[in-house]
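For reference, positions follow the sequence shown, starting with 1.
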Amino acid sequence: MSQATLPPESRVRAGGTAPPGSEFAPLLREVRAQGLLERRRGWYARMITLNLLALAAVVVALVLAGNTWWTLLLAPPLAVLSARTAFVGHDAGHSQIATGRRANRAIGLVHGNLLLGMSYAWWNDKHNRHHANPNHIEKDPDVGVGALVWTEEQAAERRGFARWVTRHQARLFFPMLLLEGIALKVSSVQDLRRQPPRERAVEGALLALHLIGYGVLLLSCLPVGKALAFALLHQALFGLHLGMAFAPNHKGMEMPDAAGERWGHLRRQVLTSRNVRGGAVTDWLLGGLNYQIEHHLFPNLPRPHLRLARPLVRQHCRALGVPYTETGLLDSYRQGLRHMHTVGGAAGPA
């Protein structure tokens, strides 16, 4: 399902009651009437420009600092700005920035492949499947078996070292995020084999340009040892930042039963998502993903409109009696870790 279009609203609930889509349709009309689906090109242009200038400033500082261990102090701000760059690629993938597919793809390729070494096509394919069926164990790639598991059934099947990891996955979660920045790049390269030839050529060339440019920048400023230390610190903090932005969104929330009731769009998105309360700083650090419920209901809603849609969505859910989950940032982590700890216990002794 393309995230540039809203999901269908015509699926019928088992038992012959009113179509679940009818729960979503009034909310969609209200959000559209408020003008919240309109693009915010000026806002995005300013945000992207400021982010690129900040990235350029860090690069200039890196060159001027030269051969010194003090250069490592530039890795944390570069990691934060890299996450900001990833948020732009995410928004482009959802067609939040421009109306045309080509313009959004160009923005995504520049911010993903060229600036970060992350494949825009790989991320879009994976992320679209997640949005279509969030937390669905058979359809959402984000809750498939990997380094971590998300259900007791998955945990019970683990063997050997993987079983030990599963039993301790709640404790290992944040340390493992330090590897996420590198894992994203590896997955991006591996996905090139899946892509059509023309897309593979563009994506592969931009990934190669990123790798070459990143390497030349660091090695022209630092000897090999310090360059490697800087790259490892930058990628570790980048992965940690991204992981901490995505972690609160769905972990520990409802996981639809494949054999159970078929939810409509509104319940499928609201019941599996969690919002994070906060102000402007939280919005900035999490790239608007703290409004996860609104983002899942309206994936192409421009980022600055998510907070404006929040009261409309809350009121609509309250009227329907649909739970609307919202909590603080630290509590969202506690809930997610509690879920991982409970699931991990099903792995049994190593």
Go through the side-chain N and O atoms of [X] and [Y] and say whether any donor and acceptor fall under 3.5 Å apart.
X: H127; Y: H94; answer: yes
X: N275; Y: N290; answer: no
X: E203; Y: S119; answer: yes
X: Q292; Y: R274; answer: no

Going by heavy atoms in the side chains, are [X] and [Y] under 4.5 Å from each other?
X: L209; Y: L206; result: yes
X: W43; Y: P302; result: no
X: Q154; Y: I137; result: yes

Would you say [X] and [Y] are hydrophobically clustered, going by side-chain heavy atoms of ILVMFWY under 4.5 Å?
X: L72; Y: L62; result: yes
X: L222; Y: V58; result: yes
X: L329; Y: M253; result: no
X: V59; Y: L52; result: yes
X: Y120; Y: L192; result: no

Test of ring centre spacing under 6.0 Å for [X] and [Y]:
X: F174; Y: Y333; result: yes
X: F161; Y: W164; result: yes
X: W150; Y: F173; result: no
X: Y291; Y: F298; result: no
X: H250; Y: H296; result: yes
X: H234; Y: Y214; result: yes

Partner of H241 under side chain to side chain contact (heavy atoms under 4.5 Å, CB included), chosen from L81, L177, V80: V80
For the CG atom of N124 and the CG atom of N104, what is their distance to the nearest 0.5 Å? 9.5 Å
Please assess L55 against L78 for the test side chain to side chain contact (heavy atoms under 4.5 Å, CB included), listing each intermediate value before the final yes or no. CA-CA 7 Å; L55 282 170; L78 184 59; 3.8 Å; yes
For a side chain to side chain contact (heavy atoms under 4.5 Å, CB included) check, start with the C-alpha distance between L306 and H295, then their side-chain angles and the critical distance, and finish with the verdict. CA-CA 7 Å; L306 290 169; H295 172 55; 4.2 Å; yes
Assess whether ring-ring contact (aromatic ring centres under 6.0 Å, His included) is satisfied between W123 and F87, documenting all intermediate values. CA-CA 12 Å; W123 172 260; F87 294 148; over 10 Å; no
Yes or no on side chain to side chain contact (heavy atoms under 4.5 Å, CB included) for L172 and L148, after CA distance, side-chain angles and deciding distance? CA-CA 9 Å; L172 295 172; L148 305 172; 5.8 Å; no
Under 6.0 Å from the [atom1] atom of [X], do we count more than 12 heavy atoms belonging to anything else shown?
X: R101; atom1: CZ; answer: no
X: H341; atom1: NE2; answer: no
X: R307; atom1: CZ; answer: no

Working for salt bridge (Lys or Arg N to Asp or Glu O under 4.0 Å), residues D142 and K126: CA-CA 8 Å; D142 289 356; K126 174 178 178 290; 2.6 Å; yes
Let me see the working for V88 and V110 under side chain to side chain contact (heavy atoms under 4.5 Å, CB included), right down to the final yes or no. CA-CA 10 Å; V88 174; V110 170; over 6 Å; no
So S273 and N249, side-chain hydrogen bond (donor to acceptor under 3.5 Å, both in side chains) or not? Walk me through it. CA-CA 6 Å; S273 303; N249 302 339; over 6 Å; no
